[in-house]
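It should be emphasised that the depicted structure is a prediction, and the values quoted were computed from it without experimental measurement.
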Amino acid sequence: MSVLPEILSANAAYAASFGDKGSLALPPARRFAVLTCMDARLDPARFAGLSEGDAHVVRNAGGRASDDAIRSLVISYKLLGTREWFVIHHTDCGMEFFTDAVMGDLLASSLETAELGPDGFRDVGTGPGSAEGRYRSWLTIADQTGSVVDDVVRIRTNPLVPGSIPIHGNIYDVRTGRLIEVPDATAAGAAR
Ligand SMILES: [Zn+2]
């Protein structure tokens with residue numbers, strides 16, 4: 001059972017009330033970019049008050065400053081003029097519940113979806129798996145605020161990122177919907 005029919009139906013309703021959004025400019029009108037987690041509970045458009053055309057939102061597992069996230073941010077500034085960036089991780093992130101070694105083992109035993117129990121993820125699927133998962137970094141999170149600081153510092157110190165861009169660090173609380181600042185991250189990301 002695919003969700004495709006539901007998506008097409010929702011899209012038809014959206015397009016029917018699309019209004020004048022077809023004339024939006026390509027560069028983000030409010031000139032900022034957000035890097036955050038793909039977690040389904042996070043809706044940056046709602047928690048940060050965004051409308052179509054306002055801002056860039058870069059998402060991946062954990063909201064980590066991966067090479068590819070930095071690629072997007074550099075394009076966001078260099079070609080599309082954003083002037084301020086936000087790194088937003090969150091409480092109860094799935095990336096806290098495993099390590100590279102665990103992910104390697106899970107994938108080596110089965111490619112099917114694992115189960116998250118009180119002691120972390122465990123395999124319930126059948127094999128074969130693949131050892132390929134042992135050859136990459138999954139950018140897991142061992143320390144919630146530490147990972148925000150690490151990611152802001154990694155972006156701040158990238159030679160392609162100009163010092164004029166302030167980079168803020170925040171944690172989104174999935175129980176309250178609130179953004180909590182990580183002062184050490186924001187300090188590390190201050191414009192210079
Ligand atoms: Zn997450």
Supply the atom-to-atom distance [X] [atom1] to [Y] [atom2], rounded to the nearest 0.5 angstrom.
| X | Y | atom1 | atom2 | result |
| --- | --- | --- | --- | --- |
| R156 | R192 | CZ | CZ | 5.5 Å |
| I88 | R59 | CD1 | CZ | 10.0 Å |
| T36 | F47 | OG1 | CZ | 4.5 Å |

Do any N or O atoms from the side chain of [X] and from the backbone of [Y] form a donor-acceptor pair under 3.5 angstrom?
| X | Y | value |
| --- | --- | --- |
| W138 | G133 | yes |
| S130 | A108 | no |
| N170 | L179 | no |
| S9 | P5 | no |
| S109 | L106 | yes |
| D68 | S72 | no |
| R134 | A101 | no |
| R30 | D54 | no |

Taking the six-membered ring for Trp, are F86 and F32 parallel (under 30°), tilted (30 to 60°) or perpendicular (over 60°)?
perpendicular
Between D92 and R175 (salt bridge meaning N to carboxylate O under 4.0 Å), is one present in this structure?
no
Without hydrogens or angle criteria, can the side chains of T82 and S76 be said to hold a donor-acceptor pair below 3.5 Å?
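The answer is yes; a qualifying pair exists.
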Under a 3.5 Å cutoff, is there a donor and acceptor pairing between the side chains of H89 and S147?
yes
Check side chain to side chain contact (heavy atoms under 4.5 Å, CB included) between E96 and all other residues, then give those that pass, not counting sequence neighbours.
C93, I141, Q144
